[in-house]
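Structure record follows, encoded as structure tokens.
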Amino acid sequence: MTPAPAPAPTPTPAPVDDARKPVILAVDDDPQVLRAVRRDLRSVYADRYRILGASSAMEALKVLDTLDERGHDPALFLVDQHMPDMTGVDFLLEAVSRFPDARRVLLTAYAETNAAITAINKVRLDYYLMKPWDPPAERLFPVLDDLLSDWLAAYRPAYQGIRVAGHVVSARTHALRDFLTRNGQPFLFLNVETEPEGQQLLDQHPTATTDLPLVVFPDGTVLSAPGNAELADQLGLSTAASRPHYDTVIVGAGPAGLAAGVYAASEGLSALLLDANSPGGQAGTSSLIENYLGFPSGLSGGDLTRRAVSQAGRFGAELLHPIEVIGLRRADPARIITLADGSEISAETVLLTTGVSYNRLDIPGADRFEGEGLYYGAATTESSSCISHHVFIVGGANSAGQAAIHFARYAAKVTLLVRANALENGMSQYLVDEIHRTPNIEVRLSTRVLALDGEGHLERITLRNDRTGIETEEAARFIFTFIGARPRTGWLDGVVKCDGRGFVLTGPDLLHSGKPPASWPLERDPLLLETSVPGVFAAGDVRAQSIKRVASGVGEGAMAVALIHRYRAAGGGGRPERGR
């Protein structure tokens with residue numbers, strides 16, 4: 001059996017003394033097992049974490065008391081299920097009530113599926129391991145590396161990082177916070193209207209109010225209302241290609257594009273991914289994806305994106321963002337990508353994975369309040385701003401359902417506005433069930449938004465019940481919309497053939513009466529995911545007739561790489577051009 005590749009190294013927190021290191025706590029009443037697990041943990045993690053052990057659940061609870069009193073942070077609990085004084089699940093219930101962010105692993109002597117399912121439902125168990133875990137390099141460390149990497153991504157020690165001062169309700173502040181969040185950059189947001197530290201920051205760095213938000217970096221650099229390109233430069237994000245020509249250029253770094261980057265680079269192709277904003281696409285903003293294969297407790301879109309970006313980079317794929325692509329043309333045998341700054345990149349093949357954007361509300365007030373109370377997509381960066389407020393979610397598909405459940409953790413009330421007459425019409429049943437179980441989520445069917453209104457920010461919305469015809473005006477500070485989707489293909493107009501809604505046609509969808517379009521230059525038919533331009537492929541949500549799911553996008557990204565190999569093996573065209 002070919003050994004699994006070594007896991008990517010877990011990111012390390014800033015150096016601290018041993019007393020301040022995050023804690024990994026192992027709990028097992030079998031002294032031999034406890035010694036073994038502490039030995040293995042110390043062999044790999046002792047330089048970054050304090051490894052503590054407890055021989056009973058009660059002893060472990062005393063350890064938690066001490067950690068709580070001293071303000072120490074547990075990163076992970078590794079707990080035996082069968083202990084005489086308390087089961088592992090019951091201990092984890094107590095532990096996560098005190099330290100909800102710590103990762104949770106259950107140890108069992110055999111495959112106890114029922115116990116694992118119970119733990120997943122009760123304590124959001126992250127993983128369960130069977131004893132023995134030999135060899136730990138294959139059965140223990142990769143699991144813990146992933147979990148600790150996830151924990152570190154959200155870990156907020158005593159803060160010494162990026163500080164952002166601005167107004168809570170501001171389109172410019174929202175755009176900046178969203179960019180930092182989606183790029184995994186921790187930052188401290190200071191409301192200049194309510195937090196003295198925010199005003200102090202402005203006093204230290206005088207600037208006109210119109211120049212907010214103010215961003216102060218740990219090295220002392222100060223930026224006033226920076227755009228994405230300026231932020232990317234300061235953060236050291238790659239925005240320049242390392243070579244003039246690639247085997248494949250992938251335009252769009254959502255699930256389909258990232259999957260293609262992983263498979264292309266791992267199979268020896270020089271691969272470049274370009275994204276106009278941040279990696280992850282719409283999926284990257286999802287608070288929790290619960291039906292993705294292999295993650296029974298679910299994972300956030302941010303976690304999925306971070307893992308995929310790391311994986312693609314590990315195999316050698318390059319990722320540039322924010323980089324806007326504005327043109328594509330043939331220059332046989334190459335395809336030429338034109339960027340917004342006028343520069344060009346050459347590639348043998350191109351894969352279009354630009355995804356879709358949520359449709360805009362075409363109602364009075366929509367343009368005025370975008371980013372200032374009205375948000376398209378999950379905008380999870382606004383979660384803390386929604387605490388104790390009434391939040392409205394517009395849409396009836398899975399993204400809207402996931403957002404409703406997410407914001408219900410913060411808002412006093414969440415109202416889901418659905419134009420259909422049944423929630424089940426467009427949403428997965430597991431989400432429907434969870435929404436009905438969540439007491440502060442209200443569902444209004446057959447309802448649409450007619451108008452937005454307010455003074456300096458969104459204050460009121462007008463709703464209409466299509467079944468009764470009744471219109472109502474209600475107080476509203478936050479509204480998040482997930483209505484339909486439009487493909488990001490405006491820059492491809494006249495380059496590749498699209499359907500009436502702008503989605504890219506590929507493979508069989510290009511054929512008429514079994515024949516390719518007259519503009520198709522080759523003897524062979526287009527390959528399954530090939531567009532009307534040979535050597536240019538499309539995958540994921542941007543492709544006509546695609547299934548709008550994360551898993552299908554990942555699958556199409558992988559499939560596209562196989563077709564790119566076929567295209568290249570045939571010398572590009574496969575057969576001579578038609579004589580005409």
Side-chain angles (χ1 to χ4, degrees), residues 89 92-94 96-102 104 117-126 154 181 282-292 295-304 358 373-449 461 463 465 467 472 474-483 549-550:
V89 173
L92 287 173
L93 273 172
E94 177 67 25
V96 300
S97 69
R98 306 187 198 186
F99 302 102
D101 296 325
R104 309 128 203 191
I117 292 173
T118 300
I120 288 171
N121 291 333
K122 281 189 172 184
V123 298
R124 285 287 185 188
L125 185 73
D126 293 297
T181 299
Q282 282 190 348
T285 67
S286 179
S287 56
L288 188 66
I289 304 168
E290 293 189 83
N291 59 352
Y292 191 69
F295 293 88
S297 298
L299 79 167
S300 71
D303 283 343
L304 177 63
Y358 290 112
L374 168 64
Y375 305 95
Y376 294 99
T380 52
T381 187
E382 299 296 332
S383 299
S384 60
S385 302
C386 296
I387 292 174
S388 300
H389 285 281
H390 185 178
V391 171
F392 290 84
I393 307 289
V394 182
N398 281 5
S399 295
Q402 290 165 349
I405 293 166
H406 170 75
F407 283 108
R409 301 171 190 165
Y410 303 88
K413 181 180 180 181
V414 173
T415 296
L416 184 60
L417 306 174
V418 184
R419 293 184 62 175
N421 58 14
L423 201 56
E424 291 82 356
N425 286 3
M427 193 178 294
S428 295
Q429 190 62 46
Y430 81 94
L431 285 171
V432 174
D433 294 340
E434 191 161 356
I435 285 170
H436 289 322
R437 286 195 301 265
T438 306
N440 63 330
I441 296 180
E442 171 196 25
V443 179
R444 298 191 195 177
L445 303 173
S446 305
T447 302
R448 71 177 72 194
V449 185
I461 60 175
L463 304 177
N465 185 302
R467 183 174 53 82
T472 58
E474 303 193 24
R477 184 76 180 270
F478 297 96
I479 182 168
F480 300 87
T481 74
F482 304 81
I483 49 171
R549 288 288 187 271
V550 174

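- If you take OG1 on Thr285 and NE2 on His406, they are separated by 10.0 Å, rounding to the nearest 0.5 Å.
- Classified by interplanar angle (parallel below 30°, tilted 30° to 60°, perpendicular above 60°), the ring pair Tyr375/Phe480 is parallel.
- Nearest approach of Val394 to Ala400, heavy atoms of both residues: O-CB, 4.4 Å.
- Partners of Tyr376 by ring pair (Phe, Tyr, Trp, His ring centres under 6.0 Å), not counting sequence neighbours: none found.
- Between the side chain of Ser286 and the backbone N or O of Ala283, no donor-acceptor pair lies under 3.5 Å.
- Side-chain contact annotation: Gln402 with Asn398, donor-acceptor N/O pair under 3.5 Å absent.
- Summarising the geometry of Leu445 relative to Asn465, their closest heavy-atom pair is O-ND2, 4.0 Å, with the distance given to 0.1 Å.
- Rounding to the nearest 0.5 Å places NE2 of His436 at 10.0 Å from CD1 of Ile441.
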Would Leu463 and Arg444 count as a side-chain contact (heavy atoms from CB on, under 4.5 Å) if you check the C-alpha gap in whole Å, the side-chain angles of each, and the deciding distance to 0.1 Å? CA-CA 10 Å; Leu463 304 177; Arg444 298 191 195 177; 3.4 Å; yes
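- Atom CG of Leu374 sits about 5.5 Å away from atom OG1 of Thr481, to the nearest 0.5 Å.
- Here the straight-line distance linking atom CG of Leu416 with atom CG of Leu423 works out to 6.0 Å at 0.5 Å rounding.
- Between Phe482 and Ala403, the shortest heavy-atom contact is CZ-CB, 3.4 Å.
- Salt-bridge check for Lys413 with Glu474: failed, with every basic side-chain N at 4.0 Å or more from each acidic carboxylate O.
- By the ring pair (Phe, Tyr, Trp, His ring centres under 6.0 Å) test, Tyr292 pairs with no residue at all, sequence neighbours left out.
- A donor atom on one side chain and an acceptor atom on the other are not found under 3.5 Å apart for Tyr410 and Ser388.
- Nearest heavy-atom pair, Ala412 versus Asn440, reported as atom, atom and distance to 0.1 Å: O-CB, 3.5 Å.
- Going from atom CD1 of Ile387 over to atom CZ of Phe407 covers 11.5 Å, rounded to the nearest 0.5 Å.
- Pairing each heavy atom of Ser428 with each of Asn291, the nearest pair is OG-ND2, 4.4 Å.
- In this structure, Asp126 contributes its side chain and Arg104 its backbone to a donor-acceptor pair below 3.5 Å.
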Could you walk me through whether Leu431 and Ile405 pass the side-chain contact (heavy atoms from CB on, under 4.5 Å) check? CA-CA 8 Å; Leu431 285 171; Ile405 293 166; 3.7 Å; yes
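- To the nearest 0.5 angstrom, Ser383 atom OG is 9.0 Å from Arg409 atom CZ.
- Residues passing the ring pair (Phe, Tyr, Trp, His ring centres under 6.0 Å) test with Phe392 are His390, sequence neighbours excluded.
- Considering only residues two or more places apart in sequence or on other chains, Phe99 meets the ring pair (Phe, Tyr, Trp, His ring centres under 6.0 Å) condition with none of them.
- The heavy-atom pair separating Ser297 from Leu288 by the smallest distance is O-CD1, 4.2 Å.
- Remark: the backbone N or O of Asp303 is paired with a side-chain donor or acceptor of Ser300 at under 3.5 angstrom.
- The side-chain heavy atoms of Val418 and Met427, taken from C-beta on, include no pair separated by under 4.5 Å.
- Checking side-chain atoms of Arg448 against main-chain N and O of Ser446 turns up no donor-acceptor pair under 3.5 Å.
- Glu424 pairs by the salt bridge (charged side-chain N to carboxylate O under 4.0 Å, His left out) definition with nothing, not counting sequence neighbours.
- Annotation: salt bridge (charged side-chain N to carboxylate O under 4.0 Å, His left out) contacts of Arg419 (sequence neighbours excluded): none.
- The shortest distance between side-chain heavy atoms of Tyr358 and Gln282 falls below 4.5 Å.
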